[in-house]
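For reference, the structure is listed below as structure tokens.
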Amino acid sequence: NTLMQGYWKETRTGLRALTTFGQIFKHNMCGSFPLLTTKTMAYKSMWVELEGFIKGITSKRWYQERNCNIWNEWSNPQNENENDLGPIYGYQWRRFNEAYDENDNGSLNGYDQLKYIVETLKSDPESRRMVCSAWNPIQIDSMALPPCHVLWNVVVIGNKINLLWHQRSCDLMLGVPFNIASYATLLLLLAQEADLSPGVLQGTFADCHIYEDHIEGAEEQLSRSPKPLPTVSLGEYNSIYEWNSEGAGVFNYEPHSKIYFPIAV
């Protein structure tokens with residue numbers, strides 16, 4: 001849709017992008033795992049990143065030591081320390097708006113949004129207030145990159161947990177396939193933690209774009225036929241907070257070959 005009907009927009013990266021508005025992704029999580037098959041996905045990096053978000057990691061080196069290079073191009077613009085990513089996703093999930101350094105206007109006491117959701121899933125699963133926001137305008141200037149996926153929300157109906165996330169900026173060829181698989185994993189982790197069955201995963205996408213130097217790769221990917229989706233095992237762990245991505249694995253994953261898409265910085 002975006003490739004065929006997109007409107008050319010100028011972007012902050014200096015590259016133009018074909019752009020559409022308001023796409024929706026939806027997948028029933030009771031069976032297969034939504035890992036893209038029309039190209040090979042670096043799912044281990046995706047899992048390391050999610051583990052870092054759950055643990056509130058803000059060190060670029062922590063990710064690199066685990067062979068996750070997703071954050072290599074970015075660092076806290078307010079800090080000369082290249083290792084510092086600033087109060088990115090995981091910081092907001094676990095310590096929302098807590099002052100990050102002496103130049104920060106955040107509060108003295110942060111709020112653990114993930115902990116609230118986990119506890120509510122166990123004590124009041126029918127609550128409609130299980131929302132986690134990564135978008136904190138007070139601290140955006142210290143973030144290595146303002147959050148693209150800004151909010152996620154879980155809803156329990158019956159014995160099934162459903163998860164919806166909203167994304168303001170959607171790099172369709174690079175970022176979105178990772179985001180889908182990451183939130184699918186988060187949904188499975190929350191289901192396991194709260195002794196619930198996985199339900200529906202849904203993403204709402206605002207600015208959907210394909211960068212001009214991704215067009216050729218996008219056309220190649222669209223020419224490929226999807227293959228059967230894999231299944232996953234998240235390994236052995238005592239709680240979501242202690243989950244180690246090294247123990248997770250994918251089964252029956254036979255994707256098409258890798259397609260190179262340059263990173264737009």
Side-chain angles (χ1 to χ4, degrees), residues 42-76 79 81-101 104 106-122 130-136 139-140 142-154 161 163 165 167 175 178-194 198 201 232-250:
Y43 55 86
K44 289 187 180 295
S45 290
M46 173 272 295
W47 277 335
V48 170
E49 184 187 52
L50 177 61
E51 180 188 348
F53 291 172
I54 290 171
K55 293 177 177 176
I57 303 297
T58 62
S59 163
K60 185 191 300 186
R61 190 174 300 114
W62 184 92
Y63 291 102
Q64 293 170 334
E65 288 172 349
R66 290 159 179 78
N67 297 314
C68 175
N69 297 305
I70 294 172
W71 289 92
N72 280 6
E73 310 297 327
W74 291 280
S75 60
N76 181 348
N79 191 337
N81 180 2
E82 280 290 317
N83 180 50
D84 179 26
L85 295 172
I88 58 169
Y89 296 96
Y91 192 88
Q92 302 301 329
W93 288 15
R94 303 305 311 276
R95 300 164 69 179
F96 186 84
N97 201 41
E98 182 176 320
Y100 192 73
D101 56 37
D104 198 330
S107 62
L108 292 177
N109 298 308
Y111 186 75
D112 193 334
Q113 300 182 88
L114 178 61
K115 181 181 178 182
Y116 169 80
I117 290 173
V118 168
E119 291 179 349
T120 304
L121 281 171
K122 296 176 180 179
M130 292 181 282
V131 178
C132 182
S133 175
W135 188 263
N136 181 359
Q139 295 183 318
I140 278 178
S142 294
M143 297 181 190
L145 187 69
C148 295
H149 38 106
V150 298
L151 176 146
W152 57 272
N153 173 203
V154 293
I161 177 173
L163 188 151
W165 85 96
Q167 198 151 334
F178 266 72
N179 303 140
I180 290 171
S182 180
Y183 279 107
T185 305
L186 179 61
L187 175 54
L188 294 177
L189 288 168
L190 290 169
Q192 174 71 22
E193 182 73 18
L201 174 73
V232 301
S233 169
L234 299 181
E236 299 291 331
Y237 56 97
N238 293 321
S239 77
I240 188 171
Y241 308 113
E242 298 175 13
W243 177 64
N244 188 325
S245 58
E246 288 183 3
V250 171

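Both backbone and side-chain heavy atoms feed into the values below; hydrogens, waters and symmetry mates do not.
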Q: Indicate the ring-plane relationship of H149 and F53, choosing parallel, tilted or perpendicular according to the 30° and 60° boundaries.
A: tilted

Q.
Would you call the rings of W152 and W93 parallel, tilted or perpendicular, taking 30° and 60° as the class edges?
A. perpendicular

Please examine the side chains of [Y] and [X], heavy atoms only from C-beta on, and report whether any two atoms are closer than 4.5 Å.
X	Y	result
Y241	K115	yes
N244	Y237	no
C132	W165	no
F96	P87	no
L145	I88	no

Q.
For Y100 and D84, which I'm curious about, is there any donor-acceptor pair between the side chains at under 3.5 Å?
A. yes

Q.
Other residues, nucleotides and ligands only: do more than 12 of their heavy atoms fall within 6.0 Å of CD on E242?
A.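 Atom CD in E242 is crowded, with more than 12 foreign heavy atoms closer than 6.0 Å.
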
(Q) Is it true that, when you exclude N109 itself, more than 12 heavy atoms of the residues, nucleotides or ligands shown sit nearer than 6.0 Å to its CG? (A) no

Q. For A248, which residues count as a side chain to side chain contact (heavy atoms under 4.5 Å, CB included) partner, sequence neighbours excluded?
A.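 Side chain to side chain contact (heavy atoms under 4.5 Å, CB included) check on A248 returns W47, L234, W243.
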
Q: Can you sort out the partners of S75 under side chain to side chain contact (heavy atoms under 4.5 Å, CB included), two or more places apart, ordered by chain and number?
A: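 S75: side chain to side chain contact (heavy atoms under 4.5 Å, CB included) contacts with K60, E82.
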
